[in-house]
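Before any comments, here is the structure.
Just so you know, ligand 1 is whichever comes first in the structure, and atom 1 is the first atom listed for that ligand.
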Amino acid sequence: MKLSFPGMLFFLLGYILCFSDISSFNNHFVDAETLQNFTSFEMEEQLKVIDEHAAKIIKTTHGDTYECVDYDKQPAFDDQTMKNHLLHYKMHQISSRKNSRTRKINDKKFGFLWENGVGCPIGTIPIQRVTKDKLLRLNSYSNKSKPQGSWNFTYNQYNVDNEQHHFSVARTKRGEKKSYSGVSMAISVHDPEVRSPQFSSSRMHVQIGDDFIQVGWIVNPALYTDMQPRSFVYTKAGKNQCYNSLCPAGIILVRSDIPLGGIRGPPGVRGSTQIVYDTYGLLKDKANGNWWLEFGGIQIGFWPAKIFQQSLANSVEWGGEVYSASLPGPRMGNGYFPLLDPEDDAHVCNITLVDENFKIDKMVKNVETFSDNNHSYKVYEDLDSGLPVGHIIYFGGPGKM
Ligand SMILES: *[C@@H]1O[C@H](CO)[C@@H](O)[C@H](O)[C@H]1NC(C)=O
Ligand SMILES: *[C@@H]1O[C@H](CO)[C@@H](O)[C@H](O)[C@H]1NC(C)=O
Ligand SMILES: *[C@@H]1O[C@H](CO)[C@@H](O)[C@H](O)[C@H]1NC(C)=O
Ligand SMILES: *[C@@H]1O[C@H](CO)[C@@H](O)[C@H](O)[C@H]1NC(C)=O
Ligand SMILES: *[C@@H]1O[C@H](CO)[C@@H](O)[C@H](O)[C@H]1NC(C)=O
């Protein structure tokens with residue numbers, strides 16, 4: 001393996017302007033202790049100063065249109081049972097804000113992501129506009145088109161044309177009786193080719209009983225109407241499941257200036273040191289059991305503990321998932337089989353597991369690799385890369401060539 005990481009890190013520091021605190025934050029839940037205490041943001045204050053006169057429809061610098069929705073009007077609060085939560089959050093959101101480091105991180109502003117230079121007015125959150133047509137269309141696709149975990153799939157090298165999901169992942173071992181309260185990763189960004197309604201995602205998946213959360217990037221023209229890799233969140237909680245904010249089980253967003261579903265990238269060029277990373281964390285709040293999403297070290301939203309049937313996660317996986325929709329399987333990762341080099345491969349690094357006692361594991365040795373079809377998609381792991389990022393998972397493939 002080429003020792004190309006110094007270059008990669010340099011690029012990381014240089015490129016990801018919007019998340020330039022990553023390096024100090026280390027994306028390793030070194031701050032887990034603090035985060036548990038820091039249950040939320042200045043939402044309380046924000047809610048008091050809603051700027052009535054500000055624009056309600058805004059655009060990102062990429063030209064995506066978002067609607068600024070009042071915090072308490074976001075779809076996640078549509079569910080009747082959530083109305084009580086709303087009150088609860090208004091009253092108890094803010095707990096300790098003692099830690100200056102966390103303060104600093106959360107005080108960062110991301111106005112530069114927006115045409116108007118600020119994002120949504122205080123007290124509102126940006127939600128991507130979806131037409132009724134698109135929502136209906138999304139709902140008309142079969143249940144098989146929805147994101148899933150790999151655990152219920154078995155190896156079958158011939159099965160590439162059926163309406164199918166394929167996985168190349170590293171995952172916590174099957175049948176293991178462990179529980180997790182947190183998980184994180186850094187993931188390289190690419191733009192694999194797909195044909196609607198196929199999708200190709202690179203993500204982590206956290207299974208919480210029958211429920212789950214996925215976060216990462218996805219190329220999904222049916223959802224986003226383009227071929228760009230975009231950040232996404234997928235939630236399944238009880239009878240509800242959806243991308244981003246599209247249902248009552250969806251994430252409750254708390255930032256007025258960070259768009260979910262934004263274009264990631266520019267995607268890395270294969271063989272170059274310019275690797276673009278996104279970092280994601282899902283971590284339970286020790287105080288109230290809510291699950292928080294961290295994106296680039298910033299807490300951008302949460303799921304109330306109550307919407308999931310159980311408290312802790314049972315299993316976790318990192319890697320690629322594609323949905324073929326009865327067409328030849330689409331590309332996964334960067335569309336190439338891994339060569340075990342970060343410059344050439346789609347990969348996940350800096351993976352972390354947090355156990356039920358909030359103990360952080362950065363080695364994550366209890367994982368196995370799984371590909372349901374390694375003629376089309378492969379996965380390898382390097383437990384001890386010797387690079388500063390520790391455990392690396394390389395994955396991807398051309399699909400049905
Ligand atoms: C991975 O972790 C190392 C050490 O904590 C950090 O320096 C590096 O920036 C991280 N890499 C990414 C891609 O987040
Ligand atoms: C977090 O809260 C616990 C008690 O709730 C306290 O013992 C601990 O010192 C706090 N940690 C920080 C970093 O504030
Ligand atoms: C999807 O599954 C749900 C319940 O699991 C069911 O009610 C619905 O009819 C299914 N939709 C399709 C299109 O099969
Ligand atoms: C996956 O398998 C488990 C049992 O191993 C079962 O409880 C669960 O319902 C299955 N999920 C799906 C989506 O088939
Ligand atoms: C492909 O998967 C099969 C079944 O898990 C395994 O026996 C084989 O070693 C794998 N081949 C490669 C190249 O990963």
Side-chain angles (χ1 to χ4, degrees), residues 3-32 101 105 150-151 153-160 166-171 173-174 183-190 202 204 215-217 231 264-265 267-268 273-281 294-298 318-320 332-333 336-343 345-353 360-364 367-382 384-398:
L3 267 176
S4 47
F5 263 71
M8 169 182 129
L9 289 172
F10 177 76
F11 184 71
L12 175 81
L13 298 177
Y15 170 72
I16 308 187
L17 296 167
C18 48
F19 302 127
S20 53
D21 258 338
I22 291 177
S23 51
S24 64
F25 193 68
N26 275 352
N27 187 45
H28 253 324
F29 287 143
V30 283
D31 273 3
R101 191 166 174 198
I105 288 167
S150 72
W151 288 277
F153 290 76
T154 50
Y155 182 71
N156 182 347
Q157 67 174 82
Y158 301 107
N159 208 351
V160 275
H166 298 290
F167 302 88
S168 271
V169 296
R171 61 190 187 186
K173 287 183 180 149
R174 255 167 177 283
V183 50
S184 72
M185 67 168 180
I187 193 160
S188 60
V189 179
H190 309 277
S202 296
M204 60 187 187
V215 297
W217 60 258
S231 61
R264 308 312 306 151
T273 50
Q274 304 202 338
I275 303 171
V276 177
Y277 289 101
D278 276 341
T279 62
Y280 294 90
E294 276 182 50
F295 182 49
I298 312 284
W318 301 263
M332 177 192 286
Y336 294 91
F337 290 130
L339 302 174
L340 306 188
D341 186 323
E343 288 179 9
D345 307 336
H347 61 281
V348 174
C349 59
N350 283 6
I351 63 177
T352 306
L353 278 177
I360 299 163
D361 172 12
K362 297 183 190 178
M363 287 310 297
V364 192
V367 295
E368 61 185 15
T369 54
F370 171 76
S371 170
D372 66 294
N373 182 314
N374 56 26
H375 288 248
S376 301
Y377 310 105
K378 294 189 201 296
V379 57
Y380 302 95
E381 58 172 342
D382 189 347
D384 190 12
S385 61
L387 302 169
V389 293
H391 195 154
I392 305 188
I393 300 153
Y394 301 101
F395 63 93

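Between N350 and ligand 1, at least one N/O pair is under 3.5 Å apart. The shortest N or O to N or O distance between Y380 and ligand 5 is not below 3.5 Å.
Taking a distance limit of 4.0 Å, we find that atom 2 (O) of ligand 5 is approached by some protein heavy atom. Put simply, atom 11 (N) of ligand 5 has protein non-hydrogen atoms near it, under 4.0 Å away.
For atom 13 (C) of ligand 5, the nearest protein heavy atom (residue, atom name, distance) is K378 NZ, 4.2 Å. Nearest protein neighbour of atom 14 (O) of ligand 5, counting heavy atoms only, is N374 ND2, 3.3 Å.
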Verdict with supporting geometry, D372 and Y377, side chain to side chain donor-acceptor pair (under 3.5 Å): CA-CA 8 Å; D372 66 294; Y377 310 105; over 6 Å; no

Worked verdict on V367 versus H391 for side chain to side chain contact (heavy atoms under 4.5 Å, CB included): CA-CA 11 Å; V367 295; H391 195 154; 3.6 Å; yes

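With sequence neighbours excluded, no residue satisfies side-chain hydrogen bond (donor to acceptor under 3.5 Å, both in side chains) with S231.
Taking every heavy atom of A186 and a limit of under 4.0 angstrom, the matching atoms of ligand 1 come to 12 (C), 13 (C), 14 (O). Listed by number with element, the atoms of ligand 1 under 4.0 angstrom from any heavy atom of T279 are 14 (O).
The closest side-chain donor-acceptor pair between D341 and Y394, if any, does not fall under 3.5 angstrom. Side-chain contact annotation: H347 with Y277, donor-acceptor N/O pair under 3.5 Å present.
The number of heavy atoms from other shown groups lying within 6.0 Å of CZ (F153) is above 12.
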